[in-house]
Amino acid sequence: MIGSVQRALRLLEAVGSHEDGAPAKQLAREAGLPLPTAYHLLRTLTHEGYLRREKGVFVIGEAAVRLAGGGAVQNRRTKVEDSLALWRDEIGVPVYFALYREGEIELVAVADTPAAPAVDEWADFRETAHAHAIGQCLLSQLDVKSRQDHLDRHPVEALTPHTLRNRRALLDRLGGMGRMEPIIERQEYALGTVCAAIPITVGSTAAAMAISLPLHQADRLLPAVDRLRNETGRLLSSLAFSISI
């Protein structure tokens, strides 16, 4: 074990146990460290942003807060992945979860199996929202200005013979969609694949869950997406699922 790391961690724990902070002498005593050693480590931790010194006491710094927040984000992401895996196993199809964040498509998590693999992302999902069900579903939830901005940055282009050919055709499709209607895409992103996406809107966040199937199993697509849509409310209300990641 590296002793200096252990001693620094004990000091961080000691600081964290005091909501209003504590002075060096008290922290040294609680961490079981000689005062000179505690001073040296406290100065280092303060310099690196893990602690702050305010009015003679040490309190948790921004770097430690970010570190803890990162752990919480990872925990939520793991719960999302576990939830998707549940529906993958129950429905028997790959399940995807995506967000529209800071002007881009973000594929957060995918649950698939070797027997039912996810679609190969052969063209960047962020740049081809017009061609796949996830992207179309997210774009359908944006306001007109945000949607136009996205398409200005990522123009419509043909990826397969089945891809919508121009912006007008895409906007007409999106404009004709009902608020919570699933979007179906057949071979527009990848030949031999059909996909469906369900819109999820919580506050100002646009999100989508999606499934995919090989073309020869296309008859399973609508029943599978209907089943997923029926379960969406229960999934979102459970503590095991959060889009705030």
Counting only N and O atoms by type, is there a donor-acceptor contact under 3.5 Å from the side chain of Q26 to the main-chain atoms of A28? no
Begin from the C-alpha positions of L33 and L41 and carry the test side-chain contact (heavy atoms from CB on, under 4.5 Å) through to its verdict. CA-CA 10 Å; L33 300 175; L41 292 172; 4.3 Å; yes
So L191 and P161, do their side chains get closer than 4.5 Å, heavy atoms only? yes
Can you confirm whether Y50 sits close enough to V15 that some side-chain heavy atom of one is under 4.5 Å from a side-chain heavy atom of the other? no
Treating Ile, Leu, Val, Met, Phe, Trp and Tyr as nodes and any side-chain heavy-atom pair under 4.5 angstrom as an edge, say whether V57 and L12 lie in one connected cluster. no
Closest non-hydrogen atoms of H150 and G103, given as atom of the first, atom of the second and distance, are ND1-O, 3.6 Å
Counting N and O atoms only, with roles assigned by atom type, does the side chain of R7 sit under 3.5 Å from a partner on the main chain of A38, one being a donor and the other an acceptor? no
Drop me the distance from I105's CD1 to Y100's OH, to the nearest 0.5 angstrom. 6.0 Å
hydrophobic_cluster_shared for W87 and L222, side chain cutoff 4.5 Å: yes
Excluding sequence neighbours, so at least two apart, what forms side chain to side chain donor-acceptor pair (under 3.5 Å) with E104? R153, H154
Atom CE of M209 and atom CG of L84: how far apart are they, to the nearest 0.5 Å? 5.5 Å
Are T205 and L99 close enough that some pair of their side-chain heavy atoms sits under 4.5 Å apart? yes
Which pair of heavy atoms, one from S212 and one from C195, lies closest together, and at what distance? CB-SG, 3.6 Å
Nearest heavy-atom pair of V59 and G21: which atoms, and what distance? CG1-CA, 3.6 Å
Derivation of the side-chain contact (heavy atoms from CB on, under 4.5 Å) call for Q148 and R167: CA-CA 9 Å; Q148 295 283 6; R167 178 186 291 208; 2.5 Å; yes
Would you say Q141's side chain and A207's backbone share a donor-acceptor pair under 3.5 angstrom? yes
Joint hydrophobic cluster, L215 plus L221, side-chain heavy atoms closer than 4.5 Å: yes
CD1-CD1 distance between I134 and I198, expressed to the nearest 0.5 angstrom: 11.0 Å
Looking only at heavy atoms, what is the nearest atom pair of P94 and A116, with distance? CG-O, 3.2 Å
side-chain contact (heavy atoms from CB on, under 4.5 Å) between I91 and I211, worked out: CA-CA 10 Å; I91 303 175; I211 61 174; 5.7 Å; no
Taking all heavy atoms of E181 and all of P199, pick out the closest pair and write down the distance. O-CD, 3.6 Å
L159 vs T128 side-chain heavy atoms within contact, under 4.5 Å: yes
Would V144 end up clustered with L142 when hydrophobic side chains under 4.5 Å apart are linked, directly or stepwise? no
Tell me whether Y39 shares a hydrophobic cluster with V5, the cluster being built from Ile, Leu, Val, Met, Phe, Trp, Tyr side chains joined at under 4.5 Å. no
Side chains of F58 and L11: does their closest heavy-atom pair fall under 4.5 Å? no
Show me, pair by pair, the donor-acceptor contacts under 3.5 angstrom made by side chains of residues 170-177, not counting sequence neighbours?
unit_1 : atom_1 : unit_2 : atom_2 : d
D172   : OD1    : R168   : NH1    : 3.4
R173   : NH1    : Q136   : OE1    : 2.9
R173   : NH1    : E188   : OE1    : 3.1
R173   : NH1    : E188   : OE2    : 2.9
R173   : NH2    : E188   : OE2    : 3.1

Backbone N or O of D112 within a donor-acceptor pair of the R88 side chain at under 3.5 Å? yes
Check this for me: does any side-chain nitrogen of one of K145 and D152 sit under 4.0 Å from a carboxylate oxygen of the other? no
Between the side chain of R52 and the main-chain N/O of T46, is any donor-acceptor distance below 3.5 Å? no
Rounded to the nearest 0.5 Å, what separation is found between the CZ atom of R10 and the CG atom of L27? 13.0 Å
I want to check something: taking the side chain as every heavy atom from C-beta on, are L151 and L139 in contact at a cut-off of under 4.5 Å? yes
Are E157 and H130 side-chain neighbours, meaning at least one heavy-atom pair lies under 4.5 Å? yes
Indicate the ring-plane relationship of Y189 and F125, choosing parallel, tilted or perpendicular according to the 30° and 60° boundaries. perpendicular
